[in-house]
Number of protein chains: 4
Amino acid sequence: MINLRNDYNIIGDKLIIEELLKYSDHKFVGYGEDEVSKELNNIVKEKVGKDVDTYVLPGGTSTNVIGLSQILKYPYEAVITVSSSHINVHETGALESSGHKIIYTPNILGKVDIKRIEDTYKLYSDNHMVMPKALYLSNATELGETYSIEELKEISNICKKLGLYFFLDGARLPVALESEGYSLKNIASLCDMFYLGGTKIGLPYGELLVIVSDELKNNFKFLLKNKLGLLAKGFVGSIMFKKLLENDYYLNLAGKEIDKANTLRKELKDYLIYPNNTNQVFIKISYNLYNKLEEEVEFEVWEKYKDYLVIRLVTSIMTTDEEINNVIKLIKKE
Amino acid sequence: MINLRNDYNIIGDKLIIEELLKYSDHKFVGYGEDEVSKELNNIVKEKVGKDVDTYVLPGGTSTNVIGLSQILKYPYEAVITVSSSHINVHETGALESSGHKIIYTPNILGKVDIKRIEDTYKLYSDNHMVMPKALYLSNATELGETYSIEELKEISNICKKLGLYFFLDGARLPVALESEGYSLKNIASLCDMFYLGGTKIGLPYGELLVIVSDELKNNFKFLLKNKLGLLAKGFVGSIMFKKLLENDYYLNLAGKEIDKANTLRKELKDYLIYPNNTNQVFIKISYNLYNKLEEEVEFEVWEKYKDYLVIRLVTSIMTTDEEINNVIKLIKKE
Amino acid sequence: MINLRNDYNIIGDKLIIEELLKYSDHKFVGYGEDEVSKELNNIVKEKVGKDVDTYVLPGGTSTNVIGLSQILKYPYEAVITVSSSHINVHETGALESSGHKIIYTPNILGKVDIKRIEDTYKLYSDNHMVMPKALYLSNATELGETYSIEELKEISNICKKLGLYFFLDGARLPVALESEGYSLKNIASLCDMFYLGGTKIGLPYGELLVIVSDELKNNFKFLLKNKLGLLAKGFVGSIMFKKLLENDYYLNLAGKEIDKANTLRKELKDYLIYPNNTNQVFIKISYNLYNKLEEEVEFEVWEKYKDYLVIRLVTSIMTTDEEINNVIKLIKKE
Amino acid sequence: MINLRNDYNIIGDKLIIEELLKYSDHKFVGYGEDEVSKELNNIVKEKVGKDVDTYVLPGGTSTNVIGLSQILKYPYEAVITVSSSHINVHETGALESSGHKIIYTPNILGKVDIKRIEDTYKLYSDNHMVMPKALYLSNATELGETYSIEELKEISNICKKLGLYFFLDGARLPVALESEGYSLKNIASLCDMFYLGGTKIGLPYGELLVIVSDELKNNFKFLLKNKLGLLAKGFVGSIMFKKLLENDYYLNLAGKEIDKANTLRKELKDYLIYPNNTNQVFIKISYNLYNKLEEEVEFEVWEKYKDYLVIRLVTSIMTTDEEINNVIKLIKKE
């Protein structure tokens, strides 16, 4: 069975796990106060050219909720996002459970309609309504789309104008970073808070949260502990992210995922429905093909219509050329 | 430098991390729906002789708060515990942040005064006060103490009588399980919910929550996601716990920790202040000795008095006989 | 200046406030445990023909949030409503602050599209999404619309089928009760929880919450206190509601409001834009007329377009025929 | 039956309720934006000699929780108080339900041990523990005790030194204001936030919150709505408090309560157990006397011992000399 269901179906990259074994005789200070966590912070600071704070959190949902909870102080403060966003649809109400309303606008293939941000903000005008204080976007989005650097700049400027903090969900930022003009430096210059996902690029767990804006740094460790995100062995995550950042290894891994996806997109261009340039490939297939395919390939069904389905094929760092070729053959021989 | 500061100062046990490498070619279903997680559940079921549910959570604080949040449905429902307990002192208000009051009674070396439980419960009598619905205790306690099986039975009976759910914090349950008459089966027969800590016995992260009472099982995965405790790669924790439970490997590791601590207790019996039978050793030393000791050993200062200090020495699975002997020599040569 | 801005712009009905003076020598038990509160409960029980629990809460928002918090136990449990509903738009995120997500569907003049309820419910299918447990609707709606009894029956049946509790916001239920086929008995037979608003029909404050379903009655007073809705002098609200219910005085007052609104609707039929049969009248006027009108009448501007505006005229129990006639003249002489 | 159970067993002062009738023809802007609310604010500003913000909230618990929620922004921020305080014991966990831990120190007849404040504060030193940000005290306390102005100054200075906001629960401030050296001006110069209780001095409901510190004023109305404390007819509370403050009418009413209590204290000095100078009288009586007394008088039993009980007699603004004399006779004839 070929597994293209998602990019978190494996333990992780071998080099990264082996890195843990290298440290197996070391003793560390707990709760992220160790030396490796400081080294990791220095590496990120250098990469982004800013005096940022960094923390490794267990997963995407905890990073979204704890990061946004640092921004949204009072319970009447709200976040603006798109209807399809992870915090709105796929986090089981975690942000609301933490006390905050999510305001959402329609999405265009998972991306925000930039022209709507200000209009949406302006709907909130008095103390009978929530007060928008942050914009949350994912990059790459749920549909694998990325924002162009120009779009990110425009969004960043709108946020500054409106007094909104710009939070970027980077669970799949590594694959977005392969896009034209992207760099961690660029991202850090445009966002107030963002993260670099580890889970979907080769770590057993862990997301690297980067706090850029000084006013958002204060006492974050108290919130991290209070909101269940502080791990005793903080050094484990730091060792893994240090390895992931070494010689831009994350770009190497992201590149692998994208190459495979590009092959799929190229060879299956007649089936392609939501094109993008990252590691998710959405194709439109008949029920007939679907029935054959699911006997040999694992994947997600995205949408079901009367005469066809949209399915999602995701490449991970362990996906092989052979697997890709086999999937292509299976589809084309239809 | 000899490090006896705590039992979570290392990445983890080598065999357990190597176990991850063995699975590095496998593909898994996400979010704990995989086969290994099911196997782990079966192993635990067999060990405890009950149809329990099992989940691997990231850390002790998240396990305490999410477990108790499953028990405490309405915000007026409260938990009874002792003043020194982890949820009361060292979780930065996490349970209150989740909406619940903690009622605490005085502790005796970290243990509850069993006679006080019912009296405390009875103080809460009308709708102007919170309603106690759970008892939370740690075993081993913050001070390394354990409850005897008879004590646990007495506590369990009181809980049943009062309609309190009994939640056992087992962050250091592995070392308690070396005590007379203990077994996972025993624990499961006395508690409604408990966990077996992984972080302090050789896992890079992870605590194994066991839900015993049927009425507490319902929809737990929704709460786990909502409260930020559900990891995408749930299989990683399951693989590690499966290894930890294999041939009771956790007892092997716990035994190592306790042996070293026993040597300390035996050789330093004149310094001993809070005796126990687990991996924490509390000794009373002069300031003069303290000043010499801290040049060669890392440890926690527990209490400071005018003429002496109480310090804590903790053994981990990586502590060596040589280290123990050196520490003993350093203290005795005073 | 004629004030048609809203129906809560006055202290209240004189008879109701004078009723308080009648009791000025009495002594009462606090927190709603008094005799009048019991009498009120008996009166409501008789009116609805069911063994309901009743509580007077301070205001509409607190009644919505505390009532729904009784229904939604776990933070992953959510409520379905329409986009325009009070809890979604005009409560400053109060329900989310209490931990729950609001799922909303498009509204049709403030009413739910009944056909959409089940489809919306079915979107929520796994533990990565919230779990719908209640349907919240207002009657009359924000736009003065009412549901027909047949519609309410259909909605009630859908809720039963899906396992959703049906909560009816009755801040303006008194004016809806003047509609064909309506009675408190009818409402109580179709909803699990509803309230009869006092603030908008002649009380200085207070909403009468009626808990119909037995499984929602448990320990409500604990939640009421915990969520800041329990007043020490509970008897004050009970005295006022007892008077309001005496000889269906609320229908008398509601009738007054509606008569005045009917006159407006009849005389201004050419201006009418969102017709309904309660105490809110929405008309479409030119900017020219608007400028003249606002010099002599207070009202809310509902929507602004290039060539015209929609304004809202609300009648209260203190609105006089003379005021209504003057407003009609002002508009018609244009 | 003579009712000395508490000071909220009556509808309220007749003059205050009649004041509402005087305004029965007026129309007001809603939600506290009306002219009377502004007048009330001006009256308070003049009385305290500071540019304070004022709000009328429904009850004591809502004022405590919403006021403290304005001070405590992040969920790891906590309040220090005494064990017996209302927020700790008698609010059904409302502050914890709002997300914050309560740290309490032992009380001395309901008062804080001033020397302990700083020590308690200093126990909280790192991000594994909550961060104290406020001190909450009641004045008069649960036991009718008051702080001397010198004590309040000392407490205020300690708070300033430690960076704690000083919140004064004034549910019974009116009776405390009869103490030596007290004035609203004095109180406002020493606290960051306090309130003047209306419920216990003659209002059907309502507490007047005074925000003194500028940094606590920001967007309070958003929080008030979000936390269920904003009433549509805000003007009702303002009219009542305006009357209560007119010619210091509250001192007049408080004086009445205290005079009656003074007579009790003087005549029953042999029974007195917790002396104070406000409207609560605590006496120690035999079970024999208790059995006779409870046939003719309503009161609270405070404590029960083997040979005697402590009971509480509370005078309200409606308590008569005749009632007081009868109670004295009943007790003395024993």
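Note on naming: letters A, B, ... go to the chains in the order of the sequence lines (proteins, then strands), and numbering restarts at 1 for each one. Keep in mind that what you see is a predicted model, and the values were worked out from it rather than measured.
Neither the backbone nor the side chain of D:Leu95 comes within less than 4.5 Å of any heavy atom of chain C. Looking at C:Asp34, there are no atoms closer than 4.5 Å to chain D (heavy atoms on both sides), in backbone or side chain. For a residue to count as touching a neighbouring chain, one of its non-hydrogen atoms must lie under 4.5 Å from one of that chain's; by this rule D:Asn64 does not touch chain C. The contact between D:Lys227 and chain C is made by backbone and side chain atoms together, counting heavy-atom distances below 4.5 Å. Contacts of C:Phe235 with chain D are made by side-chain atoms alone, with heavy-atom separations under 4.5 Å and no backbone atom involved.
No donor-acceptor pair under 3.5 Å is formed between the side chain of D:Asn9 and the backbone N or O of C:Phe28. A distance-only check finds no donor-acceptor pair linking the side chain of D:Asn3 to the backbone of C:Lys27 [under 3.5 Å]. Listed for the D:Lys14 side chain is no donor-acceptor partner under 3.5 Å among the backbone atoms of C:Ser24. Judged by distance alone, the side chain of D:Lys225 and the main-chain N or O of C:Thr61 form no donor-acceptor pair under 3.5 Å.
Ring pair C:Tyr31/D:Tyr8: centre-to-centre distance below 6.0 Å.
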For this session: Carefully, step by step, assess C:Leu21 and D:Ile11 under the rule side-chain contact (heavy atoms from CB on, under 4.5 Å).
Result: CA-CA 8 Å; C:Leu21 285 171; D:Ile11 301 262; over 6 Å; no
Problem set entry | Criterion side-chain contact (heavy atoms from CB on, under 4.5 Å) on D:Asp25 and C:Ile10, from CA distance to verdict | CA-CA 7 Å; D:Asp25 291 333; C:Ile10 50 162; over 6 Å; no
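The residue from D:Leu231, D:Leu230, D:Leu57 that alone fulfils the side chain to side chain contact (heavy atoms under 4.5 Å, CB included) condition with C:Pro58 is D:Leu231.
Atoms CG and CD1, from D:Leu228 and C:Ile66 in turn, are 5.5 Å apart once rounded to the nearest 0.5 Å. Between atom CE of residue D:Met318 and atom NE2 of residue C:His26 there is a gap of 10.5 Å, rounded to the nearest 0.5 Å.
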